[in-house]
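Position 1 is the first residue of the sequence; numbering continues from there. Every number for a ligand or one of its atoms is a count from 1 in the order of the listing.
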Amino acid sequence: MIVNNSRQTQTDALLHIAVVGHTNTGKTSLIRTMLRSTEFGVIEDAAGTTRHVEQATISADNTPVLNLYDTPGLEDSRALFAHIKKLQAKSATLRPPQILEQFVTQVTVNDPLEQEAKVIRQVLRSDILLYIIDVREPFLEKYRLELEVLTRAGKPIIPVFNFIASHERELEKWREYLSSYQMHATLEFDTVAFAFEAEKRLYQKMQSLLESHYNHLQKLIDYRAKLWNQLCLSGARRIAELIAQVACYRESKTVNNHLIAHTLLEDRLQEFVRKAERQCLHDLLTIFNFSEKDVAIQNIPVSNGQWQLDIFAPGILKAYGLDVGSAAAKGAAAGAGIDLMVGGMSLGAASALGALAGASWSTFRRYGDEIKATVKGTKWQCADETTVQILYLRQKHLLKKLMHRGHAAQDMLHVDKADTEKLPDQWQKMISTLRQNPSWHEPSPARNGNAQFQELETKLVAALLDA
Ligand SMILES: Nc1nc2c(ncn2[C@@H]2O[C@H](COP(=O)(O)OP(=O)(O)OP(=O)(O)O)[C@@H](O)[C@H]2O)c(=O)[nH]1
Ligand SMILES: [Mg+2]
């Protein structure tokens with residue numbers, strides 16, 4: 001019979017995965033990390049935290065692909081194994097999965113093996129098992145017995161090594177033990193120290209064990225990879241935005257401002273930088289689906305800097321679109337333009353900036369205020385070099401941490417110093433360009449379409465994502 005029914009196809013595509021293992025090995029943690037959600041289930045450093053089977057679905061483009069089943073931890077594997085052996089001795093003609101079926105139907109409420117029966121019931125209903133191992137534990141008899149029982153279900157099993165960070169020796173031992181039980185398709189997946197590659201390998205292992213689900217799993221792998229790249233890119237873009245926002249910030253220090261006003265300006269700058277960083281942190285947490293509970297942020301030290309546009313500094317004229325070479329030729333025609341733009345200032349002061357004479361009207365329209373301020377000798381209050389640097393380094397560090405934080409992580413991430421990070425190449429140049437373009441402090445069609453801004457953003461993003 002040919003079944004050509006989309007409901008049927010969808011059901012066939014859905015893969016049922018039981019997450020099993022000894023109690024407190026990180027089963028619920030693994031599911032949280034795979035779902036990228038801190039909301040699923042309850043995680044605790046205690047045996048018997050999960051008491052019932054709980055289900056979660058992973059989709060690709062709104063099509064459900066995986067059903068994950070979190071199960072209670074196996075506790076009394078010795079009693080479980082003995083019980084199964086007894087059943088088998090009584091019914092020698094039954095195949096191992098049928099014995100397990102018999103066990104499940106016989107166990108009643110309040111039976112000492114009730115927990116175990118819930119697990120085995122789910123195992124029998126699933127297509128594949130993820131057997132979670134805490135590698136810090138030696139390969140004890142209880143684990144061997146658990147595996148003996150689980151293999152009787154006749155389902156493919158992927159042993160998943162958890163708690164692997166700084167436990168290489170123990171991991172190697174576990175690998176050896178499992179090989180001697182014909183289990184070679186093992187996987188390292190630390191649920192706390194997350195790596196997207198590990199997630200991808202998990203799906204690839206499933207592909208190799210479940211040929212009929214190969215294409216659906218491939219769709220999921222491609223979808224998750226695309227999603228992951230987008231997350232990282234959005235995170236890096238958000239930080240580049242913060243850098244632009246802060247590096248472009250400036251307030252003019254007018255000659256009339258007295259001392260108190262200066263302090264006020266400094267406070268405003270400090271508040272501005274801190275608020276901008278907090279907003280960026282909030283957005284990054286949202287992008288990676290974490291919450292404020294995951295991160296503690298130390299207030300950034302902000303020092304104020306002074307900045308004055310030096311129109312004659314190397315490269316500045318060019319950056320402003322001024323053609324120095326043709327200055328002399330166009331001098332006479334542009335002279336009147338400068339006078340109009342600087343509004344009321346003596347033409348003498350303006351023409352003292354001899355090199356400006358080559359500028360076009362459009363340049364003056366764009367940079368008129370800058371030039372006027374230059375002629376007047378205006379100084380600007382801005383975040384100093386060190387502040388912008390620290391901001392970048394902290395955020396880069398945070399981004400890296402978020403990219404490697406499993407959603408099972410319980411410890412708090414601290415955003416403080418980031419001595420291990422490096423500034424990107426041409427950092428000075430990038431900051432100087434931003435300062436010369438204060439209107440870039442927020443997104444606008446003009447800014448986003450500007451080739452110079454685009455190049456700068458691309459460089460920042462690449463540097464932020466370079467591992
Ligand atoms: N450091 C570290 N801790 C982990 C890791 N995985 C889990 N944990 C911790 O281990 C403890 C148990 O995690 P759970 O996910 O609740 O374990 P479980 O297997 O679901 O436990 P039960 O439901 O009781 O069987 C928690 O304190 C987790 O924070 C890991 O990879 N690294
Ligand atoms: Mg649990």
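- The residue from Thr387, Ile243, Val246, Ile431 that alone fulfils the side chain to side chain contact (heavy atoms under 4.5 Å, CB included) condition with Tyr392 is Ile243.
- Distances from the Mg ion (ligand 2) show that Thr49 has no N/O/S atom below 2.8 Å.
- Closest to atom 30 (C) of ligand 1 among all protein heavy atoms lies Val192 CG2, 3.4 Å.
- Of the protein's non-hydrogen atoms, the one nearest atom 13 (O) of ligand 1 is Ser29 OG, 3.5 Å.
- A side-chain donor from one of Thr57 and Gln55 sits under 3.5 Å from a side-chain acceptor of the other.
- Residue Ala47 approaches ligand 1 through these ligand atoms, each under 4.0 Å from one of its heavy atoms: 24 (O).
- In terms of N/O distances under 3.5 Å, ligand 1 is not approached by Thr71.
- The closest side-chain heavy-atom distance from Ile84 to Glu148 is not below 4.5 Å.
- Put simply, the side chain of Thr23 never gets that close to the backbone of Ala47: no donor and acceptor are under 3.5 Å apart.
- With hydrogens and angles disregarded, a donor-acceptor distance shorter than 3.5 Å links the side chain of Arg250 to the backbone of Arg435.
- Looking at ligand 1, you won't find any N or O of Asp70 less than 3.5 Å from one of its N or O atoms.
- Close contacts of ligand 1 with Gly48, meaning ligand atoms under 4.0 Å from a residue heavy atom, involve 24 (O).
- Looking at Asn162 against ligand 1, only its side chain comes within 4.0 Å, counting heavy atoms.
- Of all protein heavy atoms, the one closest to atom 10 (O) of ligand 1 is Phe163 CZ, 3.3 Å.
- The ligand atoms of ligand 1 that sit less than 4.0 angstrom from a heavy atom of Gly73 are 25 (O).
- Between the side chain of Glu116 and the main chain of Asp76, a donor-acceptor pair closer than 3.5 Å is present.
- The backbone N or O of Val107 sits nowhere less than 3.5 Å from a side-chain atom of Glu114 that would complete a donor-acceptor pair.
- For atom 29 (O) of ligand 1, the nearest non-hydrogen atom of the protein is Gln410 CG, 3.4 Å.
- Of all protein heavy atoms, the one closest to atom 28 (C) of ligand 1 is Ile43 CG2, 3.6 Å.
- A donor-acceptor pair is defined here as one N or O able to donate and one able to accept, closer than 3.5 Å; no such pair exists between the side chain of Asp134 and the backbone of Phe163.
- Not a single N/O/S atom of Thr23, whether from backbone or side chain, sits less than 2.8 Å from the Mg ion (ligand 2).
- Distances from ligand 1 to the non-hydrogen atoms of Gly21 include no value under 4.0 Å.
- Every atom of ligand 1 with a heavy atom of Thr191 under 4.0 Å away is listed here by number and element: 5 (C), 6 (N), 7 (C), 30 (C), 31 (O).
- Below 30°, between 30° and 60°, or above 60°: for Phe139 and Trp174 the angle between ring planes is above 60°, a perpendicular geometry.
- Contact annotation: for Ala193 versus ligand 1, there are no heavy atoms closer than 4.0 Å.
- Atom 17 (O) of ligand 1 has Gly26 N, 3.1 Å as its closest protein atom, hydrogens excluded (heavy atom only).
- Close contacts of ligand 1 with Asp190, meaning ligand atoms under 4.0 Å from a residue heavy atom, involve 30 (C), 31 (O), 32 (N).
- Remark: the backbone N or O of Pro72 is not paired with any side-chain donor or acceptor of Lys118 at under 3.5 angstrom.
- For the residue pair His16 and Tyr69, a side-chain donor N or O sits within less than 3.5 Å of a side-chain acceptor on the partner.
- Side-chain atoms of Ser432 and Gln436 form a donor-acceptor pair, as typed in the model, at a separation below 3.5 Å.
- Taking every heavy atom of Thr28 and a limit of under 4.0 angstrom, the matching atoms of ligand 1 come to 15 (O), 20 (O).
- Shown here is His184, whose NE2 atom has more than 12 heavy atoms of other residues, nucleotides or ligands within 6.0 Å.
- For atom 24 (O) of ligand 1, the nearest protein heavy atom (residue, atom name, distance) is Thr49 N, 2.7 Å.
- At the shortest separation from atom 19 (O) of ligand 1 among protein heavy atoms lies Lys27 NZ, 2.7 Å.
- Neither the backbone nor the side chain of Arg32 has a heavy atom within less than 4.0 Å of ligand 1.
- Taking every non-hydrogen atom of Thr23 and a distance limit under 4.0 Å, the qualifying atoms of ligand 1 come out as 22 (P), 24 (O), 25 (O).
- Under a 3.5 Å cut-off, the side chain of Thr71 and the backbone N or O of Val19 do form a donor-acceptor pair.
- Below 4.0 Å from some heavy atom of Asn24 lie the following atoms of ligand 1, by number and element: 11 (C), 12 (C), 17 (O), 18 (P), 19 (O), 21 (O), 22 (P), 24 (O), 25 (O).
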